[in-house]
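Heads up: numbering here begins at 1 and tracks the sequence.
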Amino acid sequence: MDAASQDIGTTNASALLDAYRLVPDLEIYGVGLFDAAVTVLSQQVRALNLVWALEHAGLLAPDKRPRIAVIGAGFAGLTVVAGLAGKAIPADVTILEQRDSILPLQQGADSRWLHPHIYDWPAPGSQASSAGLPVLNWTAARASDVVVQVESAWRALLGSRKVDPTARLFCNAGRTRVDRVGEKFVIEWIGQERDVHDPGKVKGEHARSGNREEFDIVVLATGFGTEVDGAFSYWRNETLAQPALDRTRTEYLVSGYGDGGWIDLFRLRIMNFRQDRILGELFHGMPSFVGALRTAKASLTTGASSIVALEKIWDAHRAEADEAGLRLRQRLRHDTAAIMQLRENYGLIDLFEGRRVSFQNQLLAWMLFVVGGFDIRAGDLGNIISAEAIGSDHVVLRHGPKPFENLTRVLGGDLKRRVVGPDHDPVEPDLKLRCQQDDSVRWGGGYFDRPLGVPEPDEKAHWNREYLPAVTRVLAAGLCGAIADRLAVTHDPNCRLRVTLHRTVAIGNETVLQQCCDYRGLMLEDQESTAGRTFPTKNGLIGQAFLTRRTVKSRTGSKSDEVRANMESLELEAAARPMSANVRSLIAIPVLDGSGRSVVGVVFLDSYIEGFFDDEALVDEIRVISEGFLRGLLAELPRTDRSLSNVEYWSGTDHADVQPQAEVEGGSLESPATRPVSIPEARLNIDLVSFIEPGGGHGTS
């Protein structure tokens, strides 16, 4: 990174840290404590953004070894520590969790479903099942199963690093107090130390112990806490979504109209409701309707009501709206009735204005209202319960938690006085506004797979990997294996031949090329796994193919030292190990979308045989194999049950705005007449989807 880029990164990181810092000028940070409508994924992104900002602001460095306390071992807290481990940041980390296990709220939560992107529906990528994270990644599943995925990823991450932060974990740390003493934070806690690699195992004595230690940095990942009013926790198992066994019709009352309240109302009134698939089922086969909804969502400001926009869309798409309404009406349960209790006689617009209820839930609430799926009562909760004769077991309270109570529990002395007022309100009037943290990715490709302070590349110990769908990897290996087998017919079996495929991926604001599978070819016995690694789009031969949108190869008659010198001039070694001195010829063939404007990927090959790719007929055969394989694959996907799909990227797909480079750089490279590979779609992101729709269709694709 040049000096100017470093200065920009430092400035941006310092500004970002201000949105996490609870007290000005002190290194005490909160992750998503005051944000509304947060999801597991958004909290994880915030956690990784914090690590990125701390490192870029200079608070984490190879010559420093700060003592860091992370309070809370939910998704946010664990992801902070995972980010530190992914970067192999020298630090001594202590994790304090007040409950008996990590991820305590979601442990065993079988009645709640988690999907990483569905609250973005109908935006591109909203039905992608994978969170796509570089650490602690997970896919859509029951909350309890997501916990298992993340715990497994946690153990694998901590066990894979030769250099990682020293970490300790204490559970049952119910009594935790953070004070500021001089230049340090002093934390007192009584807890039970666990094996950080296997949090279920107690270290040493089973008894809890009292501790008082100093720390340089404190991260509060205490979450929002449990619900107020003694409500049954959102994450505890219950049977609201299950049909009655006694054949009676039961009336329920739901109090609270945030996302949690609406979700429970939907579960009570809609058969087979699951939030990640319901709208895809209702709007199946209605692309123009979904397009209008997508436009409406994109135009809404945060916290705005969508009701007026939905009314206009309903009028403009009356036939499709009626069909979607009929589908919902046919899904209404007959063993339940439900009342939504309001404190005042609000209209639907008032319920959503300023409350940051997700667009998905606003839409479904509107539809359920239109088909008469629930009643509304305004007034005192107790009076309504009495008037409607609703049993106590049939009252669902979703009034939300009070996150400031968690701060009151943890902060002590001057810190508490500077953050929390006597009525659990913020002392700083605009603290909640100042600490609003968006969930846009700030890190670049491969950032969390690159150890801090280790020269790049580190003898290929780390490859700057990012998430790669397993299905994409397997299919890419099939393509590259087919090409390698064809070339092996004429290639010397005692000389190395390598074939791989890269895809174009957006990571935050950066576009990178990601290797989709390990190399296939000849004489590769000692090759290590390289799938998932990322490269800049301007480096090496693949960068030339990306920038020129043309096939690029070593020039006919060029010598190995000329080719190697050219790769050095294209900064290959800035993102990869030095090219083997035995490579005599190489080629990169871009994969373009149907418009020819966007580079979807690059097929890359190299060989120890000089001039091996000079035969244009052979090169064109490589193109034909690649194009036929990819076109056939993409054509077949819609004909399946759609449990597989070429899902849209969740962080952006359009790279057509990258200006093509006019000429191939370097005297040892040339662009042959062979045209690029062409496929109809602008992405290669073949992955599992989380459900199968009726009729084999994918409603929002």
Q: Could Lys64 and Asp216 be called an ion pair, given the rule that one side-chain N must be under 4.0 Å from one carboxylate O?
A: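 Salt bridge flag = no for Asp216 with Lys64.
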Q: For Gly446, is there any backbone N or O sitting under 3.5 Å from a side-chain donor or acceptor partner on Glu466?
A: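 Judged by distance alone, yes, a pair lies under 3.5 Å.
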Q: Work out which heavy atom in Ala91 is nearest to a heavy atom in Ile68; give both atom names and the distance.
A: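 Shortest heavy-atom separation between Ala91 and Ile68 comes out as CB-CD1, 3.9 Å.
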Q: Hey, is the main chain of Asn464 close enough, under 3.5 Å, to the side chain of Thr534 for a donor-acceptor pair?
A: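 Side chain of Thr534 to backbone of Asn464, a donor-acceptor pair under 3.5 Å: yes, one is there.
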Q: Where is the tightest heavy-atom contact between Ala13 and Ala53, given as atom of each residue plus distance?
A: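 So the minimum-distance heavy-atom pair works out to CB-O, 3.5 Å.
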Q: Can a donor-acceptor pair be found, under 3.5 Å and without considering hydrogens, that links the side chain of Gln514 to the backbone of Gly532?
A: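 Confirmed, Gln514 side chain pairs with Gly532 backbone.
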Q: Does the Trp154 side chain pair with the main chain of Val196, one donor and one acceptor, at a distance under 3.5 Å?
A: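 Answer holds: yes.
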Q: Taking only Lys NZ, Arg NE, NH1 and NH2, and the carboxylate oxygens of Asp or Glu, determine whether Arg194 and Glu97 approach each other closer than 4.0 Å.
A: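 A salt bridge is absent here (no side-chain N lies under 4.0 Å from a carboxylate O).
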Q: For the side-chain contact (heavy atoms from CB on, under 4.5 Å) test, which of Ile95, Ile71, Leu50, Ile28 pairs with Val219?
A: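 Looking at Ile95, Ile71, Leu50, Ile28, the match for Val219 under the side-chain contact (heavy atoms from CB on, under 4.5 Å) is Leu50.
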Q: Does Leu468 reach the side chain of Arg503, with side-chain heavy atoms less than 4.5 Å apart?
A: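 In short, these two side chains touch, coming nearer than 4.5 Å.
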Q: Take Gln437 and Gln43, measure what side chain to side chain donor-acceptor pair (under 3.5 Å) needs, and give me the verdict at the end.
A: CA-CA 9 Å; Gln437 303 154 11; Gln43 287 292 76; over 6 Å; no
Q: For Pro116 and Ala128, work out which heavy atoms get closest and say how close.
A: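 In this case the closest contact between Pro116 and Ala128 is CG-O, 3.9 Å.
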Q: Is a donor on one side and an acceptor on the other found under 3.5 Å between the side chain of Arg465 and the backbone of Ala531?
A: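 The answer is yes, because a donor-acceptor pair under 3.5 Å joins these two groups.
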Q: Under 3.5 Å, is there a donor-acceptor pair linking the side chains of Ser144 and Asp110?
A: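 The criterion, which ignores hydrogens and geometry beyond distance, is satisfied for Asp110 and Ser144.
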Q: With no hydrogens and no angle check, just 3.5 Å: does a side-chain donor-acceptor pair link Ser130 and Tyr467?
A: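 There is such a pair (donor and acceptor under 3.5 Å, judged by atom type) between the side chains of Ser130 and Tyr467.
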Q: Side chains of Gln44 and Trp138 only: does a donor on one sit below 3.5 Å from an acceptor on the other?
A: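 The criterion, which ignores hydrogens and geometry beyond distance, is satisfied for Trp138 and Gln44.
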Q: Going from OH on Tyr447 to NE2 on His56, what distance comes out if it is rounded to the nearest 0.5 angstrom?
A: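 It comes to 5.5 Å.
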Q: Could you tell me whether the side chain of Leu136 reaches within less than 4.5 Å of the side chain of Phe75, counting heavy atoms only?
A: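 Answer no - side chains too far apart.
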Q: Has Lys87 got a side-chain atom pairing as donor or acceptor with Asp449's backbone, closer than 3.5 angstrom?
A: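 Here the side-chain-to-backbone pair does not exist.
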Q: Any side-chain heavy-atom pair from His117 and Pro124 closer than 4.5 angstrom?
A: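 Heavy-atom side-chain distance check fails, nothing below 4.5 Å.
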Q: For Thr166 and Arg65, run side chain to side chain donor-acceptor pair (under 3.5 Å): C-alpha distance rounded to whole Å, both residues' side-chain angles, the deciding distance at 0.1 Å, then the answer.
A: CA-CA 10 Å; Thr166 300; Arg65 192 172 187 89; 3.0 Å; yes
Q: Give the intermediate values and the outcome of side chain to side chain contact (heavy atoms under 4.5 Å, CB included) for residues Arg442 and Asp438.
A: CA-CA 10 Å; Arg442 300 301 181 100; Asp438 66 47; 3.5 Å; yes
Q: Just so I know, are the side chains of Pro469 and Asn685 near enough to count as touching, which here means a heavy-atom distance under 4.5 Å?
A: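 Yes, their side chains come closer than 4.5 Å.
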Q: Begin from the C-alpha positions of Arg496 and Asp606 and carry the test side chain to side chain contact (heavy atoms under 4.5 Å, CB included) through to its verdict.
A: CA-CA 8 Å; Arg496 194 182 78 175; Asp606 66 16; 3.7 Å; yes
Q: Side-chain contact, heavy-atom cut-off 4.5 Å: Leu684 with Val505?
A: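 Side chain of Leu684 against side chain of Val505, heavy atoms only: no contact under 4.5 Å found.
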Q: Please indicate whether Asp63 has more than 12 foreign heavy atoms, meaning atoms of other residues, nucleotides or ligands, lying under 6.0 Å from its CG.
A: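 Correct, the count exceeds 12.
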Q: Heavy atoms only: give me the nearest Ala173-Thr176 pair and the separation to one decimal.
A: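 Heavy-atom minimum between the residues: O-OG1, 3.0 Å.
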Q: To the closest 0.5 Å, what do you measure between CZ (Arg175) and CG (Asn172)?
A: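 Those atoms lie 15.5 Å apart.
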Q: Which class fits the ring pair Phe448 and Trp443: parallel under 30°, tilted 30 to 60°, perpendicular over 60°?
A: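 Judged by the thresholds at 30° and 60°, the geometry between Phe448 and Trp443 is perpendicular.
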Q: Starting at CD of Gln436, measure out to CG of Leu33 and round the result to the nearest 0.5 Å.
A: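 So the CD of Gln436 and the CG of Leu33 are separated by 10.5 Å.
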Q: Starting at CZ of Arg67, measure out to CD1 of Ile187 and round the result to the nearest 0.5 Å.
A: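 Arg67 atom CZ to Ile187 atom CD1 measures 9.0 Å (nearest 0.5 Å).
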Q: Partners of Asp198 by side chain to side chain donor-acceptor pair (under 3.5 Å), sequence neighbours excluded?
A: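 With sequence neighbours excluded, Asp198 shows a side chain to side chain donor-acceptor pair (under 3.5 Å) to no residue whatsoever.
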Q: Between Lys416 and Asp414, is there a salt bridge with N-O shorter than 4.0 Å?
A: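 Looking at Asp414 and Lys416, the cut-off is not met.
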Q: Could you check whether Glu193 pairs with Arg208 (Lys NZ or Arg NE/NH1/NH2 to Asp/Glu carboxylate O, under 4.0 Å)?
A: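 No salt bridge links Glu193 with Arg208.
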Q: Less than 6.0 angstrom from the centroid, inside 45 degrees of the normal: does Arg498 satisfy that with respect to the ring of Phe604?
A: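 No.
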Q: Using a 3.5 Å distance criterion without hydrogens, assess whether the side chain of Arg450 forms a donor-acceptor pair with backbone atoms of Gly86.
A: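 Not at all, since once roles are kept as given, no pair shorter than 3.5 Å links the two residues.
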Q: Between CG of Leu54 and CG of Leu60, what distance do you get to the nearest 0.5 Å?
A: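 Those atoms lie 5.0 Å apart.
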Q: Treating Arg180 as the side-chain partner and Gly182 as the backbone partner, does any N or O pair qualify as donor plus acceptor under 3.5 Å?
A: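 Yes, Arg180 side chain to Gly182 backbone: donor-acceptor pair under 3.5 Å.
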Q: Is the closest side-chain heavy-atom distance between Thr500 and Cys517 below 4.5 Å?
A: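 Yes, at least one pair of side-chain atoms sits under 4.5 Å.
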Q: Could you check whether any side-chain N or O of Arg418 sits under 3.5 Å from a backbone N or O of Val23, counting only pairs where one atom can act as donor and the other as acceptor?
A: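 No, the answer is negative, given that no donor and acceptor are paired below the 3.5 Å cut-off.
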Q: Is Asp18 salt-bridged to Arg434, cutoff N-O under 4.0 Å?
A: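 Here Asp18 does not pair with Arg434 in a salt bridge, since their nearest N and O are not under 4.0 Å apart.
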Q: If you measure from OG1 on Thr139 to CG on Asn137, what distance do you get to the nearest 0.5 Å?
A: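 Answer for the OG1-CG pair, Thr139 versus Asn137, is 7.5 Å.
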Q: For Arg177, is there an ion pair with Glu188 - N to carboxylate O distance below 4.0 angstrom?
A: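 No, no charged N to carboxylate O under 4.0 Å.
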Q: Does the structure place the NZ or CZ of Lys184 under 6.0 Å from the centre of the six-membered ring of Phe215, at an angle of no more than 45° from the ring's axis?
A: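 No; the conditions do not both hold, so Lys184 does not lie above the ring face of Phe215.
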Q: I want to check something: taking the side chain as every heavy atom from C-beta on, are Tyr29 and Ile217 in contact at a cut-off of under 4.5 Å?
A: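 Side chain of Tyr29 against side chain of Ile217, heavy atoms only: contact under 4.5 Å found.
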Q: Can you find a pair of side-chain heavy atoms, one from Asn211 and one from Ile190, that are under 4.5 Å apart?
A: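 Counting from C-beta outward, Asn211 and Ile190 never come under 4.5 Å.
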Q: Output yes when a side-chain donor or acceptor of Asp439 lies under 3.5 Å from a complementary backbone atom of Arg46, and no otherwise.
A: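 No: the side chain of Asp439 does not pair with the backbone of Arg46.
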Q: Is a donor from one side chain sitting under 3.5 angstrom from an acceptor on the other, for Arg683 and Thr504?
A: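 No.
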Q: Apply side chain to side chain contact (heavy atoms under 4.5 Å, CB included) to residues Thr79 and Leu48 and explain how you reach the verdict.
A: CA-CA 7 Å; Thr79 306; Leu48 294 179; 3.6 Å; yes
Q: Please name the pair of heavy atoms, one in Val31 and one in Ala76, separated by the smallest distance, quoted to 0.1 Å.
A: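 Reported closest heavy-atom pair: CG1-CB, 3.9 Å.
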Q: Give me the atom names and distance for the closest heavy-atom approach of Gly191 to Phe170.
A: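 Closest heavy-atom pair between Gly191 and Phe170: C-CD2, 4.2 Å.
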Q: May I have the step-by-step check of side chain to side chain contact (heavy atoms under 4.5 Å, CB included) for Val419 and Leu415, ending in yes or no?
A: CA-CA 6 Å; Val419 176; Leu415 285 177; 5.5 Å; no
